[in-house]
Amino acid sequence: MRVLSAADVRRIVSMSAAIDAVRDAFRELAAGNFVLPARQIFGDGTVLVMSAYHSPSGTAVVKKIGIALDQVPAIRATVIWTGGGEQLVADGSSITTLRTGAVVGVATDLLAPADASRLTLIGTGAQAPDQVRAVLAVRRIAAVTVTGRSADRAAALSTSLTAEFPDVKFTPSTSVDDAIADADIVCCATSSSTPLFEADALPERVHVNAIGAFRPTMRELPRDLLTTASIVIVDQREAALEESGEIIDAVTSGALSTEDLLELGPALSQPLEPTGRTVFKSVGIGPQDWAIAAALAKA
């Protein structure tokens, strides 16, 4: 049995490699090559268990997640990958942030304007840095506005990312509306229970990613953004309707139909024509974890 730390995960799988692996996994999902049990949720979402079995390779992944939003880091997880007589146990927190960033990279590459140069990040928690890394891996971003409720945390994250990406201008902010006013891409990575902004505050042409809200009581996006966007993509329709507060709200209100929700896997092989505002909403599913774990197992 191999045991890998968070540092091992980062050393072995780059963000670009993670994006490629997650993109391939969603294509495999669309092809029907995964057995994907429903996520088990305990303690009002404080403990989650996710699993996925890849039929062609006979490999599987199981992840146990503990979530405490009042702690840092808020997510603590362990991933177990098994197949071909091999077993791997890895730090699940690093895999979670890496694969969540990677799926945003896949969606951004699919939907964001090709000439996008301005990114706004909303949120300064553990998921935030990989959101930036993923977008920078697929678009030539010149300027990033890092937005959070705490000016000190926004400034600290901006400084950290500047050291990693010296050619990109990072600006801290505490005003969401100001930060998104001229953005080409917006990434939401918060635990908010109410929408972070009004749709009217966004530019007419923008791509929005939202990965923070993972409970029915949580919402990052306003209903009118979902109903007016030219394309709304989710990682998996069933998971979004079970766990995404903003999707549940829009569908139960009748403002959005389930047919309006495209799944990422099939969308990767469809001739999409993104215009105006586009949205990607992710709650995270097992094939993402499998993709990173499989890459680790191969190394």
Side-chain angles (χ1 to χ4, degrees), residues 1-6 8-41 47-65 75 77-107 109-110 130 134 137 211 214 233-244 261-270 280-299:
M1 180 176 68
R2 293 172 60 197
V3 179
L4 300 178
S5 66
D8 293 328
V9 172
R10 294 292 175 174
R11 174 178 53 81
I12 296 170
V13 184
S14 68
M15 179 56 76
S16 293
I19 290 171
D20 290 342
V22 168
R23 183 186 290 112
D24 289 344
F26 271 92
R27 287 180 172 137
E28 290 280 289
L29 176 63
N33 290 334
F34 277 102
V35 177
L36 191 58
R39 174 162 29 198
Q40 294 178 288
I41 304 174
V47 177
L48 310 176
V49 178
M50 304 169 61
S51 58
Y53 175 75
H54 184 241
S55 302
S57 64
T59 59
V61 69
V62 177
K63 181 169 74 173
K64 187 278 295 178
I65 311 164
I75 298 174
T78 302
V79 167
I80 301 172
W81 184 92
T82 184
E86 215 180 335
Q87 184 163 289
L88 179 148
V89 178
D91 174 74
S93 300
S94 57
I95 288 177
T96 299
T97 57
L98 180 60
R99 60 81 147 158
T100 305
V103 77
V104 161
V106 173
D109 197 27
L110 183 67
D130 277 323
I211 59 91
F214 58 91
I233 290 182
V234 295
D235 39 18
Q236 186 193 45
R237 192 178 289 113
E238 181 182 357
L241 292 170
E242 182 73 22
E243 300 171 25
S244 168
L261 303 172
L262 301 180
E263 291 189 324
L264 180 57
L268 289 169
S269 59
Q270 292 180 14
F280 172 62
K281 170 61 195 173
S282 174
V283 294
I285 56 176
Q288 294 168 242
D289 299 305
W290 177 88
I292 305 303
L296 291 168
K298 291 175 184 176

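Below, each value reflects all heavy atoms present in this structure, side chains not excepted, and no hydrogens, waters or symmetry copies. Fair warning: this is a prediction, and the values are worked out from it, not measured in the lab.
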State, yes or no, whether a side-chain contact exists between S5 and D91 at a heavy-atom distance under 4.5 Å.
no

Mind listing the closest non-hydrogen atom pair of A299 and I12 along with its distance?
CB-CG2, 3.3 Å

So, using salt bridge (Lys or Arg N to Asp or Glu O under 4.0 Å) as the criterion, who are the partners of D235 when residues are at least two apart?
none

Any side-chain heavy atom of V283 within less than 4.5 Å of one from K281?
yes

Please round to the nearest 0.5 Å and tell me the distance separating atom CZ of R11 and atom CG of L296.
9.5 Å

Distance in Å, L110 CG paired with F280 CZ, rounded so as to fall on 0.5 Å steps:
9.5 Å

How long is the gap from CZ on F214 to CD1 on I65, to the nearest 0.5 Å?
9.0 Å

Those residues that, when tested against A295, pass side-chain contact (heavy atoms from CB on, under 4.5 Å) (two or more places apart)
V13

If you look at every heavy atom in A25 and P287, which pair is closest and at what distance?
CB-O, 3.6 Å

Check: V234 and L241 side chains under 4.5 Å, non-hydrogen atoms
no

What side-chain donor-acceptor pairs closer than 3.5 Å can you find for residues 78-86, not counting sequence neighbours?
unit_1 : atom_1 : unit_2 : atom_2 : d
T82    : OG1    : E86    : O      : 3.4

Counting only heavy atoms not in Q87 (residues, nucleotides, ligands), do more than 12 fall under 6.0 Å from its CD?
yes

Closest heavy-atom pair, M50 versus G284, reported as atoms and distance to 0.1 Å, is CE-O, 3.7 Å

May I ask you to decide whether D130 forms a salt bridge with R10, counting only side-chain N to carboxylate O separations under 4.0 Å?
yes

Between E263 (side chain only) and R237 (backbone N and O only), is there a donor and an acceptor less than 3.5 Å apart?
yes

List the atom of I19, the atom of A137, and the distance in Å for their closest heavy-atom pair.
CD1-CB, 3.7 Å

Show your working on side-chain contact (heavy atoms from CB on, under 4.5 Å) between L36 and Q236 and close with a plain yes or no.
CA-CA 11 Å; L36 191 58; Q236 186 193 45; 3.4 Å; yes

Is the number of heavy atoms from other residues, nucleotides or ligands under 6.0 Å of E242 CD greater than 12?
no

Salt bridge (Lys or Arg N to Asp or Glu O under 4.0 Å) against R27, all qualifying residues, sequence neighbours excluded:
D24

For residues 12-31, which residue pairs qualify under ring pair (Phe, Tyr, Trp, His ring centres under 6.0 Å), counting only residues two or more places apart or in two chains?
none

Name all residues meeting the side-chain contact (heavy atoms from CB on, under 4.5 Å) criterion together with A30; count only those two or more places apart in sequence or in a different chain, and write none if there are none.
P266

I need the minimum non-hydrogen distance between P56 and E28, along with the two atoms involved.
CG-OE1, 4.2 Å

Using the salt bridge (Lys or Arg N to Asp or Glu O under 4.0 Å) criterion, which residues pair with D109? Sequence neighbours excluded.
R23, R139

Quick one: which residue pairs count as a salt bridge (Lys or Arg N to Asp or Glu O under 4.0 Å) with a foot in residues 283-299, not counting sequence neighbours?
K63-D289, R99-D289

Got a sec, which residues hit side-chain hydrogen bond (donor to acceptor under 3.5 Å, both in side chains) with T59, two or more places apart in sequence or on another chain?
S57, W290

How far does CD1 of I95 sit from CD1 of I292, to the nearest 0.5 angstrom?
7.5 Å

According to side-chain contact (heavy atoms from CB on, under 4.5 Å), who are the partners of Q40, at least two apart in sequence or on a separate chain?
F42, V49

Hits for salt bridge (Lys or Arg N to Asp or Glu O under 4.0 Å) against E243, two or more places apart or cross-chain, chain-then-number order -> R39

Heavy atoms only: give me the nearest V9-A90 pair and the separation to one decimal.
CG2-CB, 4.5 Å

Taking A77's backbone N and O only, do any of them form a donor-acceptor pair with S93's side chain (distance below 3.5 Å, no angle check)?
yes

Measuring from atom CG of L264 to atom CD of Q288, what distance do you get when rounded to the nearest 0.5 angstrom?
8.5 Å

For A21, what residues pass the side-chain contact (heavy atoms from CB on, under 4.5 Å) criterion, not counting sequence neighbours?
A291

